[in-house]
Amino acid sequence: MLSRVADNLYWMSRYLERAQHTARLLDVTLDLVPDRSSSAGARAWERLFLSLHLRPAEGLPLKGRPITQLLALDPKSDHSIVHHVAVARDNARQVRELISSEMWELINRLYLDLQRASMEQVWAEPHPFFQAVKQGAHLFQGITDSTMVRDEGWHFIQLGQFIERAGNVAALLSAHVAVEEEGQFSLHASDLYVEWLGLLRSCTAFEAYCKVYSADLQFEQIAEFLLLNDNFPFSVNFAASAMRAALDGIADTTDTRKHNAILRRIGRLKATLDYEQIGDLMAADLRSTLDQIQIQCAQIHNDIFHSYIGYTVDVKLPAVS
Amino acid sequence: MSIATLDGHPELLASYDPGRAYDELLQAGREPRQHYQGLYQHLLSLPPDELTHRQSAADLSFLNQGITFTVYSSAEGTERIFPYDLIPRIITQGEWSTIDRGLCQRITALNLFLHDIYHEGKIVKDGVVPMDMVYSARHYRREMRDVTVPRGVYVAVDGTDLVRVDNGEFLVLEDNLRVPSGVSYMLVNRQVMKRVFPRQFRNYGVQPIAQYGQVLLTTLQSLAPVHVDDPTIVLLTPGVYNSAYFEHTYLARQMGITLVEGSDLLVHDNYVYMRTTAGLERVDVIYRRVDDDYLDPLVFRPDSSLGVPGLFNAYRAGNVTLANAVGTGVADDKAIYVYVPRIIRYYLGEDPILHNVETYLMTDDVQRRHVLDNLDRLVVKAVGESGGYDMLIGPHSTAEQREQYRRRITAQPRNYIAQPTLNLSVAPCFIDGRVEARHIDLRPFVLSGEETTIVPGGLTRVALRRGSLVVNSSQGGGSKDTWVLNE
């Protein structure tokens, strides 16, 4: 497969995942505004920025409308949903002949729909907008699953989606460590419940969590669920498994299994998530573990680039026949 | 049967007025031609809303599939759907047979001509085509002297524009021998048409065109460098912002070959490689949709980033095939066009089956004087342009525009030709809820490799504005499906 094409598929998938993640965070935060005091509300917005690796610009009011404008609809912002979907669609457009027509039509339609959305309309009724983004992303994933050959391209799509998800969920959890610390001293039980509910819903994890742990929301259990559970699709461990499967697939199709540093890296990440205990992690330093996971994801990202996409010519010339 | 006696919805066709042009639909007495009978009656039986409904379904399908083209000068943005007309254009087997033979004859002669002028130049020495006419052509490539191309095929893919004039005869308006486009619209128009008029389509006995991708692939395979058994073929596109990008992706998918951009390719030791996730892979045939000028910055335009440095040397060395070859533009130069009938006679000893449109050479003093005196009645075209750019349509021009062209012609006579304003034939088109007559042309696609093949059909382009004679997609034209009948 062409290196550029692999790159396009990877970014298409990453940006779509980023769009749905941003949509989910905004949707949940807006939905919980009435349940929070105004100071808790402002902190929730700050946390949202933090979990997206952003810092709110100087002077930006920490209120729903300006933030929704910035992170959902601003076409000039590099962090808005419309931007992410546009980039995803641009990447898809460059590899149209490789993805199925159904995939292209869906992402193109999602893009066109979002282009038509206005702030007035979204602000009057925010949920349907975010719902459309999330459903679009889910539908895209479903169509991809059911129409695409399980070839190298599929592996790069999986890789993009799950490396993005692993990093996002780790960052989201990391941003909530502060709530846990604060909660021990000053927060009301009912306020704390709202925060944990928000965290779980940001990963569509509330219902799944309740099935495993009941509706008793405890940070340690939430962290265990979102970090270590290997059966829930939005957990970091699940994402790491998917990344490993994709990297294995790529190593096989490109015949690069020997001396493959990326497989070592993902193996190490996977070992942490498979064998560490949440109690030990929390007793040590959960935040630094979460940061470490994000760094490992970034290293894997760089390694993929140097091995498969932007390699130097001398190392990859075919043997002279 | 005349309109008035038919049951159904005659108001749909009430405003159909072919004017003085050859009418594809009706013959004398407003009777439909025999091969249009079935379609004509079907149209009359439809409620007008039904067509509108089907038209919007078709438009939406084009937009959602992203079947769009890019308009360079348009401020409103880059992507537009290529306007699609619902009503098919029908060509009989007899008419097609003439077109088929005529185009095969023409492309065979043009390939021989290209080989000759880049080698011995016999035709020039024999004085059949003036030497200065060949060497002054804007798309003549000195670099191609003595370069051998596989099977002597310079033009593997040709899209020739045909027009039908008042007496019903098809004439060649121009050859497109460089990177002709539009074939994807021919193919998707058919797909949409089958969904819109399924029963009509079956009853008519229309010849299939879906095999185009396979035929193109076979053609390209047959042009691989001689020592290569199982050639790797790629389609080279300028990229996603090119006006024909949709077509590039479509054709690559139809053929199951890799779509590459210049940056995906590199040349090492005079071999071309593409950069893949599994390392570098040799490339043997490039179906290139990039103009000569942008192919190789070391040989042609140095500022181009679309091409591949070193590509031309690999090509000269015979290690890679480019289709079409470099330098084919000399043969679709609009002044060389005048000599094509003579070129056919010279190489094949046959009379041309399809005739040219009468054309005035501005390098000839008598003809130029005649043209300058009659600018308001003629069409003036730049010889090296395509896509309807840089042309003057006399009857629709202002005095100022005519003055501008008068100056240009006088300054650079070699750069212009003139033709009478042709009354292109008209066909029924569905416009704003009614069936109206619009001018059309026809671009069949001729494939030359081991053998020469024309998929029965082509792109029928439509001048959507009433009375307009310009069918180019970049100038507000649309297209419709073209049916070539079995018998």
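Keep in mind that the numbers below use all heavy atoms, side chains included, and drop hydrogens, waters and symmetry copies. This one's a predicted model, so the numbers in the text were calculated from it and none came from an experiment. Proteins get letters first, then strands, A, B, ... in listed order; numbering begins at 1 in each.
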For B/His53, I'd like to know if atom NE2 has over 12 heavy atoms of other residues, nucleotides or ligands within 6.0 Å.
no
Looking at A/Arg257, I want to see if its CZ is surrounded by more than 12 non-hydrogen atoms of other residues, nucleotides or ligands under 6.0 Å.
yes
Can you tell me which portion of [X] sits under 4.5 Å from chain A's heavy atoms? Options are side chain, backbone, both or neither.
X: B/Gln254; answer: neither
X: B/His268; answer: side chain
X: B/Leu266; answer: side chain

Can B/Asn324 and B/Arg178 be counted as having a side-chain donor-acceptor contact under 3.5 angstrom?
no
With a 3.5 Å cut-off and no angle check, do the side chains of B/Gln191 and B/Arg195 form a donor-acceptor pair?
no
Side chain, backbone, both or neither: which part of [X] has an atom under 4.5 Å from a heavy atom of chain B?
X: A/Glu152; answer: side chain
X: A/Leu2; answer: both
X: A/Asp7; answer: neither

Before accepting this row, confirm whether a basic side-chain N of the pair B/Arg301/B/Asp303 lies closer than 4.0 Å to the acidic partner's carboxylate O.
yes
